[in-house]
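Heads up, the thing below is written out as structure tokens.
Predicted model only: the values in this text are computed from it and were never measured. Numbered from 1 within each chain, the chains take letters A, B, ... in sequence-line order.
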2 protein chains.
Amino acid sequence: MDPSLPALERTDHSHTRAGRPRDRAARAAILQAANALLEENGIAGFGMEAVAARAGVGKSTIYRWWPSKGALAMAGFLAATEPKISYPKDGDSALDALRRQLLRVAEVYAGPTGRVMAAILAEGQRDPHTITAFVEGYARPRRDEARTILQAAITQGELRPDLDPEVVLDALYGPIYYRMLVPVGPLDIKWMDTLVQTVLDGIALPRL
Amino acid sequence: MDPSLPALERTDHSHTRAGRPRDRAARAAILQAANALLEENGIAGFGMEAVAARAGVGKSTIYRWWPSKGALAMAGFLAATEPKISYPKDGDSALDALRRQLLRVAEVYAGPTGRVMAAILAEGQRDPHTITAFVEGYARPRRDEARTILQAAITQGELRPDLDPEVVLDALYGPIYYRMLVPVGPLDIKWMDTLVQTVLDGIALPRL
DNA sequence: TACTTACGATACAAAAAGTATCGAAATAGG
DNA sequence: CCTATTTCGATACTTTTTGTATCGTAAGTA
């Protein structure tokens, strides 16, 4: 972690210092309000005043915890989404685990969570801190997780040994982000299933 | 075209009606200024006042041509980008044409054009008119063009006959948009070349 | 009890999108 | 040439939103 980058959340000194402790309940209410507003209206209906009003909280309390709108959006997104997209821990084949996780990701991103993510990526194009927070705090860890499964699948002889894992991750996950941000077609399980199968088999004529 | 959707550009009646004709030179200057600002600073440095100042034009003139900030960004992008990404017209094999066009797209999107597109997609998450204009005025036509080549490659026996063209397009172009919007890695020709080859061959172990 | 910090509320400053108004300029038709 | 019409650039204005500052109060610690 580069300490020159602004933290996603401000540090909490409530236990070390004297004075009134910071209100964890208010923090939770803010996160929930932020995520709810993002889910309902995307980035359009998401403003600091609206979040404060919905959480029953002063605006200053929000800025005491998070430094900017983008940071708050990221925090709300993480709090709500992180539990939803974990890899299955079964003793399955790695390839099956990868496939099932991809279907799950497509399913989740097709719903409100996808709208929130699109909003964060949009905000990220405007504010470098937000996109950095998204990559470091969400995308990269997920990608690392996926790469591990991918390499396991290669080791177990389920996938070609000569693959570039980064490129394979892009081929599998890139189209999801694409359909999430550019409405060229639906993002559903049937589509995702076809995509996975297509990438698995390749598009070239099989050599007889 | 659904006429209920706001047009990307307002109609020009300067030749039919009386009065001072609309200034095409001013229009061109605005488009150029808009695109330059987007290339230089992305969505951050892109504002109507800034465009007007740079083009040496009143703000009202901009709004006389385009109804909103998003529409202007789209127009500037189209004017500058449309010539850059045409399909090669050679008598090559369809597959080679497709591959060369993908490499060209990756090359172009890796530069300033990619920053402009990212800005437009970001604005599009906020303003439905903008994303619609982008899809209808840019993404969809490109996609149609690519699909034609793709189907030619299938017809010519260069690709599997059982493919879903939409899914293949997502697999090839989706990762480009992904890397353009989420900085997980570089977007260069070497990467693109590996991606194309990976999708062609598939990632599963070849059946011996 | 004194001190310290966070709380909610609210006023405020700054920036930007889009609208309204103005006199000047350019064109068509008479 | 003259008048009506429309666009021109300039500028003031309204509205919205982000982020800061201020203030009296609440809730802890020493």
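Atoms CD1 (A:I62) and P (C:dA6) sit 16 Å apart, rounded to a whole Å. Here C:dA15 presents its P atom at 18 Å from CD1 of B:I43, a figure rounded to the nearest Å. Atom P of nucleotide D:dT17 and atom CG of A:L37 are separated by 12 Å, given to the nearest angstrom. As rounded to whole Å, 11 Å separates atom P of D:dG9 from atom CH2 of B:W65. Per the geometry, CZ belonging to A:R27 stands 15 Å off C1' belonging to C:dA6, to the nearest Å. Distance CZ (B:R22) to P (D:dT5): 19 Å, rounded to an integer number of Å.
Inspection of the B:D193 and B:Q197 side chains reveals no N or O donor paired with an N or O acceptor under 3.5 Å. No hydrogens or angles considered: nothing links the side chains of B:W191 and A:D164 as a donor-acceptor pair under 3.5 Å. Under 3.5 Å, the side chains of A:Q32 and A:R27 contain no donor-acceptor pair of N or O atoms.
Residues A:R115 and A:I43 fail the side-chain proximity criterion, which asks for heavy atoms closer than 4.5 Å.
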Original post:
How does each nucleotide of nucleotides 18-30 of chain D score, in 5' to 3' order, for protein heavy atoms under 4.0 Å: base (B), sugar-phosphate only (S), or none (-)?
Top reply: BBB-----BBB--
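The stretch residues 23-75 of chain B participates, sequence neighbours left out, in no ring pair (Phe, Tyr, Trp, His ring centres under 6.0 Å) pair at all.
Classified by interplanar angle (parallel below 30°, tilted 30° to 60°, perpendicular above 60°), the ring pair B:Y178/A:Y177 is tilted.
Along DNA chain C, the nucleotide closest to B:A44 and the one closest to A:D23 are compared, and the more 5′ of them pairs with A:D23.
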